[in-house]
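Remarks on the structure that follows.
In the text below, chain A, chain B and the rest are named by the order of the sequence lines, each starting its count at 1. Fair warning: this is a prediction, and the values are worked out from it, not measured in the lab.
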Number of protein chains: 2
Amino acid sequence: MPRNRRPIDRAEKRGEIVAAATDLFTEVGYDDSSMAKVAAAAGVTPTTIYWYFDDKDALLVAVLDHLLTQALEEAAAHVDDPWVDQVLWAVERLERYSRLVTVVHARTATSPTIDAWHESFHALMDTMLADGLARAGAAEEDVEAMTRMSVFVVEGLLTHPLSQPERRKIIEMISRPH
Amino acid sequence: MPRNRRPIDRAEKRGEIVAAATDLFTEVGYDDSSMAKVAAAAGVTPTTIYWYFDDKDALLVAVLDHLLTQALEEAAAHVDDPWVDQVLWAVERLERYSRLVTVVHARTATSPTIDAWHESFHALMDTMLADGLARAGAAEEDVEAMTRMSVFVVEGLLTHPLSQPERRKIIEMISRPH
DNA sequence: ACCTGAACACCGTTCAAGT
DNA sequence: ACCTGAACACCGTTCAAGT
């Protein structure tokens, strides 16, 4: 048995738990997906999850990181699109994870683990958005406000769904300097 | 004992439960405020709450309605203020209830009770905002988009706190027709 | 190192029993 | 009509015991 066999197994099993949790958290919801259900879906015992994750919030963070990595990879293909299309793409991409967005906002007040993730997520988003806006030719003094508005609009559109053309109209509204 | 004693008692006790729930839900959070804790704070048994409310979500709706009535009464004094000040006032007024805002968004996907309240709340807000914008002299074709943006900005500012001047700047951004 | 079954304190909710 | 104590099924998490 090769020396590095264990670490690989560990990463694999961890991945299976994260995959099961991703499905359940996004489709059933965080609150309604008990550790027992996640464990059953991953083919392990509830207690086993605690060998890989500190608690349920840590598992949620693993799910979020996993999805964020995926999304960032795909986003790379859109960096040269017009600004409006990029934001619209982000909304459509995040739409199926809207339950995670709302649960992160709700748990931020209670869970230091989730709060820390939420903070660092927005720090990352802010620099990415500022970069994108600068590349799209926005005036420097408008970048900060436009960054903030973009975040608000994306989150607003996720929690209050509109039709595609309505979305586009809203995004265009904030895409012009004032 | 007068004939109408009971109804008055009932409304009073119901009010005490709602008051206790309001405090706990806003300060401790909905998830971390068990029915047992609400009951203890209201001086009743957990089971008694179920005589007045169908379930925990119905209790949350009672809390929301109670706070909404209060807020609408106070808002009446500000209808003639400039638009930016009205929105800023709303953000400041709602700030201490930001936990309720996020929990409503999170539970909307799971609970028909909360979802129905959320829908009707936004219907009310939409007409109020549209009225306010019309009164403030906004062009008719801008009213819909500006209404939506106002909602997104208020909710965004509640979940991602900024300083007063930063808030004002953001609100001013969306207050000019495009 | 990894995994489990049994247990713990708690949860929202129900229900038979009281007044 | 109103309120309760006991009970139910479930929750997240821990821990002693196994391999």
Side-chain angles (χ1 to χ4, degrees), chain A residues 1-22 24-25 28-63 103-104 106-107 109-115, chain B residues 1-18 20-21 24-25 28-63 103-104 106-107 109-115:
Chain A
M1 215 176 274
R3 211 145 172 271
N4 63 348
R5 187 138 181 253
R6 276 252 147 266
I8 288 168
D9 279 0
R10 180 169 173 90
E12 232 170 64
K13 193 157 219 170
R14 203 193 115 106
E16 278 162 27
I17 296 171
V18 170
T22 302
L24 284 166
F25 289 174
V28 180
Y30 179 79
D31 286 336
D32 291 341
S33 300
S34 65
M35 293 297 259
K37 282 178 186 162
V38 173
V44 298
T45 295
T47 14
T48 299
I49 300 181
Y50 287 88
W51 184 258
Y52 292 88
F53 304 96
D54 278 349
D55 52 26
K56 202 182 177 187
D57 281 327
L59 176 57
L60 176 55
V61 165
V63 167
V103 89
V104 164
R107 292 201 61 71
T110 310
S111 157
T113 311
I114 301 300
D115 189 42
Chain B
M1 218 177 273
R3 213 149 170 268
N4 62 348
R5 177 115 200 267
R6 277 252 145 267
I8 288 169
D9 280 1
R10 181 169 171 87
E12 231 171 66
K13 193 157 220 170
R14 205 192 114 105
E16 278 161 27
I17 296 170
V18 170
L24 284 167
F25 289 174
V28 181
Y30 180 80
D31 286 336
D32 290 343
S33 300
S34 65
M35 293 298 257
K37 281 176 187 164
V38 174
V44 297
T45 296
T47 14
T48 299
I49 299 181
Y50 288 88
W51 184 259
Y52 293 87
F53 304 95
D54 279 349
D55 52 26
K56 201 182 177 186
D57 281 328
L59 177 56
L60 175 56
V61 165
V63 167
V103 88
V104 164
R107 292 201 61 70
T110 310
S111 157
T113 311
I114 302 298
D115 190 42

Among [options], which is the nearest nucleotide to the side chain of [X]?
{"X": "R10(B)", "options": "dG5(C), dC2(D), dT13(D)", "value": "dC2(D)"}
{"X": "S34(A)", "options": "dT13(D), dC2(D), dG12(D)", "value": "dG12(D)"}
{"X": "M35(A)", "options": "dG12(D), dC15(C), dC3(D)", "value": "dG12(D)"}

Please figure out whether T47(A) or D32(A) has its closest DNA chain D nucleotide nearer the 5' end.
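The answer here is D32(A).
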Taking any heavy-atom pair under 4.0 Å as a contact, classify F53(B): base, sugar-phosphate, or nothing.
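Nothing, no nucleic acid heavy atom in range.
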Taking OP1 and OP2 of dC10(C), is either one under 4.0 Å from a side-chain nitrogen or oxygen of K37(B)?
no
[X] has an atom [atom1]; how far is it from atom [atom2] of [N], in whole Å?
{"X": "W51(A)", "N": "dA1(C)", "atom1": "CH2", "atom2": "P", "result": "6 Å"}
{"X": "I49(A)", "N": "dC11(D)", "atom1": "CD1", "atom2": "P", "result": "12 Å"}
{"X": "I17(A)", "N": "dC3(C)", "atom1": "CD1", "atom2": "C1'", "result": "11 Å"}
{"X": "L59(A)", "N": "dG12(D)", "atom1": "CG", "atom2": "C1'", "result": "12 Å"}
{"X": "D57(A)", "N": "dG12(D)", "atom1": "CG", "atom2": "C1'", "result": "11 Å"}
{"X": "R14(B)", "N": "dA1(D)", "atom1": "CZ", "atom2": "P", "result": "18 Å"}
{"X": "Y50(B)", "N": "dC15(C)", "atom1": "OH", "atom2": "P", "result": "13 Å"}
{"X": "K56(A)", "N": "dC11(C)", "atom1": "NZ", "atom2": "P", "result": "15 Å"}

How long is the straight-line distance from CG of D31(B) back to OG1 of T110(A), given to the nearest 0.5 Å?
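Between atom OG1 of T110(A) and atom CG of D31(B) there are 7.0 Å.
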Rounded to the nearest 0.5 Å, how far apart are OG1 of T48(A) and CE of M35(A)?
10.5 Å
According to the Watson-Crick and G-U wobble definition with distances under 3.5 Å, which dot-bracket string, read 5' to 3', encodes DNA chain D, using [ ] for crossing pairs and | for pairs with another strand?
||.|||||...|||||.||
Can I get a per-line list of side-chain donor-acceptor pairs under 3.5 Å for residues 53-63 of chain B, giving both atom names and the distance, sequence neighbours left out?
unit_1, atom_1, unit_2, atom_2, d
D55(B), OD1, D57(B), N, 3.3
D55(B), OD1, A58(B), N, 3.0
K56(B), NZ, Y30(B), O, 2.8
K56(B), NZ, S33(B), O, 3.0
D57(B), OD1, Y30(B), OH, 2.8
D57(B), OD1, R107(B), NE, 2.8
D57(B), OD2, R107(B), NH2, 3.1
D57(B), OD2, S111(B), OG, 3.1

Using every non-hydrogen atom in the two residues, find where P46(B) and A36(B) come nearest and quote the distance to one decimal.
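What the structure gives for the nearest pair is CG-CA, 4.0 Å.
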Determine all donor-acceptor pairs shorter than 3.5 Å in which one atom belongs to a side chain in residues 37-45 of chain B; sequence neighbours excluded.
unit_1, atom_1, unit_2, atom_2, d
K37(B), NZ, D32(B), O, 3.3

Worked verdict on W51(B) versus R10(B) for side-chain contact (heavy atoms from CB on, under 4.5 Å)
CA-CA 10 Å; W51(B) 184 259; R10(B) 181 169 171 87; 3.1 Å; yes
Suppose we call a contact any N or O donor and acceptor under 3.5 Å apart; does that hold for the side chain of T45(A) and the base of dG5(C)?
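When only heavy-atom distances are counted, T45(A) does not reach the base of dG5(C) through any donor-acceptor pair under 3.5 Å.
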